[in-house]
Amino acid sequence: MSDSHHIRHLVDTVLDNLQYQHDWTQLQVLTHSPVDGSPLPRPLISGLPLRRLYLHPDDQLEMLKAHPKPEDRLPETPEIEWVLPTHLAEKWSLKSFASVFDSMPAQAPSRPERPKRILLATIHDDSTIVYYFMHDGLVKPRQN
Amino acid sequence: MTSSTSHAPLRISKLAGRYLIFDIDDVMYLRRNHNMCSVFTGTTPQNPQQNVFMGLPLELMPEEVKVLVDKHVAYVADDAAFHPARLASLDAPSRQAYLQTLKDEGRAAYQEFVDQQRRKPKPSQVKAKNKKSEPSSSTESPRKGTEDEEEASLFDSSPAPTPADPTPKPEAEPEGYAVTHTTSSLLLTQQPPHQQPITSPIPSPAIEVPASYPLYAHLQHKGYYMMPGLRFGCDYNVYPGDPLRFHSHFQATHHGWEEEITMLDIVAGGRLGTGVKKGYLLGGAVSETHTEHIDGNDTGRGVDITASHGKGGDGTIPHVRTFCIEWAGM
């Protein structure tokens with residue numbers, strides 16, 4: 001009981017933060033898998049950021065080749081991101097992360113494969129929230 | 001990559017619990033064909049205090065040794081046991097040849113020392129020295145040849161090599177230094193080349209690998225180069241190619257499948273990794289009870305390295321899942 005209450009609280013906090021601090025839109029909370037209706041290991045939040053949050057380095061390279069002039073602005077179509085709310089005091093494991101990834105729904109009917117990255121939102125008691133990308137598998141880092 | 005069977009199995013010396021390679025050709029072979037760099041641990045005799053530039057031997061991590069042994073690329077020889085056993089098993093001609101090689105090396109070292117002493121210019125006669133040294137060395141060489149034979153017959157009667165004596169003998173009897181070899185390499189090269197290495201059928205001593213072995217084997221199989229990760233607080237620094245050419249992509253930390261990971265470790269690792277342009281990589285072997293989607297891992301972008309380094313599927317690679325963490329920038 002208190003556990004689900006705690007998780008709902010986490011979800012609400014992250015949802016508020018995304019909506020009001022980061023100006024995300026189309027925010028939704030997903031508690032059950034749309035495929036078979038089974039409950040997710042943890043509710044996931046999906047939403048549309050203002051700007052493109054993540055660009056794979058290979059895609060970035062291709063974009064730079066396609067737009068060689070620096071004054072050309074890179075196209076910034078935002079993508080739907082999935083957010084996993086967690087608390088700093090929690091303990092996760094490889095197994096629990098894997099179960100989150102394995103339970104993720106397909107992105108769209110046109111793209112049947114499930115997303116390979118989530119945004120890990122970690123809340124501290126002082127209401128600080130930090131966001132880290134977590135990729136499933138070996139994904140090389142961005143050239144930031 | 002070239003077929004691993006085309007190369008004779010490498011000899012890894014196990015000494016005092018460490019796995020060492022003393023042959024520079026083997027080091028180069030591992031680096032070129034098996035994406036292993038490891039760490040040089042030898043000091044340079046001219047400057048033993050510095051530790052920036054190290055030389056042979058190369059010390060392999062136990063994970064690397066296990067991978068190589070499992071691939072039949074190398075075998076482990078317990079050098080402390082091998083050396084006396086090999087010495088005892090030498091037959092008369094090869095024993096004679098071995099002793100002769102030792103003597104020749106000692107004499108060459110002594111000759112080098114003498115030449116150096118002679119070449120050392122006295123301030124007053126730098127000019128005269130250069131002219132003088134050439135004829136003196138040429139007159140010496142024939143005399144040296146006759147003494148060689150004398151010594152060989154002398155030495156034959158004494159059963160064991162004399163202990164090391166670093167003091168130079170007077171020039172009247174240029175016996176040379178007694179050389180004590182630091183490795184058994186001389187004993188190895190005396191094997192007839194057509195013979196298989198005598199030690200390879202002997203089962204290698206059991207290799208104790210750390211718990212992070214599955215993660216190492218997984219990344220190694222994908223063609224990554226791993227270096228020790230102490231500098232970045234992780235188990236391995238993971239390079240997409242030779243570390244001399246590439247910036248490392250990941251700092252990899254191993255966790256058990258159900259081992260608890262504190263969120264602070266993930267945040268700290270992600271923060272550090274992003275700060276040094278790496279991804280923080282968590283990974284570990286999937287425990288047997290986990291039978292869900294095993295297609296989940298390593299589809300997509302990560303595999304371009306695998307494709308270029310494609311190796312025959314080896315059943316010994318454990319099933320591992322990995323997760324990469326980067327700061328999201330928000």
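This is a predicted model, so every value here is computed, not measured. Here is the naming used below: chain letters follow the sequence lines, and residue numbers restart at 1 for every chain.
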Quiz item: Is M263(B) close to I123(A) at the side-chain level, that is, under 4.5 Å between some pair of heavy atoms?
Solution: no
Self-check item: Residue pair L119(A) / M330(B), side-chain heavy-atom distance below 4.5 Å
Solution: yes
Quiz prompt | NZ/NE/NH1/NH2 to OD/OE distance under 4.0 Å, D265(B) and K91(A) | solution = no
Quiz item: Side chain, backbone, both or neither: which part of H124(A) has a non-hydrogen atom closer than 4.5 Å to chain B?
Solution: neither
Quiz item: Between SG of C324(B) and CZ of R117(A), what distance do you get to the nearest 0.5 Å?
Solution: 13.0 Å
Quiz item: Are there more than 12 heavy atoms of other residues, nucleotides or ligands under 6.0 Å from atom NE2 of H32(A)?
Solution: yes
Exercise. Taking the side chain as every heavy atom from C-beta outward, state whether L282(B) and M134(A) have any pair of such atoms under 4.5 Å apart.
Key: yes
Quiz prompt | ring pair (Phe, Tyr, Trp, His ring centres under 6.0 Å) partners of F133(A), counting only residues at least two apart | solution = Y54(A)
Quiz item: Are F323(B) and F101(A) an aromatic pair by the rule of ring centers under 6.0 Å?
Solution: yes
Quiz prompt | Heavy-atom side-chain contact between F250(B) and P141(A) under 4.5 Å | solution = yes
Quiz prompt | Separation of T262(B) OG1 from L88(A) CG (nearest 0.5 Å) | solution = 8.0 Å
Exercise. Indicate yes or no: at least one non-hydrogen side-chain atom of R321(B) is less than 4.5 angstrom from one of L94(A).
Key: no
Quiz item: Around atom CD of E208(B), are there more than 12 heavy atoms of other residues, nucleotides or ligands at under 6.0 Å?
Solution: no
Quiz item: What part of L120(A) gets closer than 4.5 Å to chain B, counting heavy atoms only: side chain, backbone, both or neither?
Solution: side chain
Quiz item: What part of E259(B) lies closer than 4.5 angstrom to a heavy atom of chain A: side chain, backbone, both or neither?
Solution: backbone
Quiz item: Can you tell me how far CG of D136(A) sits from OG1 of T322(B), rounded to the nearest 0.5 angstrom?
Solution: 7.0 Å
Quiz item: Using non-hydrogen atoms only, which part of L264(B) is less than 4.5 Å away from chain A: side chain, backbone, both, or neither?
Solution: both
Quiz item: With a cut-off of 6.0 Å (strictly less than), are more than 12 heavy atoms of other residues, nucleotides or ligands near CG of L244(B)?
Solution: yes
Self-check item: Worked verdict on L138(A) versus V238(B) for side chain to side chain contact (heavy atoms under 4.5 Å, CB included)
Solution: CA-CA 11 Å; L138(A) 293 164; V238(B) 183; over 6 Å; no
Self-check item: Atom pair NZ/CG of K140(A) and L281(B) - distance to nearest 0.5 Å
Solution: 15.0 Å
Quiz item: Under 4.5 Å between any side-chain heavy atoms of R142(A) and T274(B), yes or no?
Solution: no
Exercise. Would you indicate whether the side-chain heavy atoms of E326(B) and Y132(A) approach each other to under 4.5 Å?
Key: no
Quiz item: So which bits of residues 11-23 of chain A come within less than 4.5 Å of chain B, counting non-hydrogen atoms only?
Solution: L18(A), H22(A)
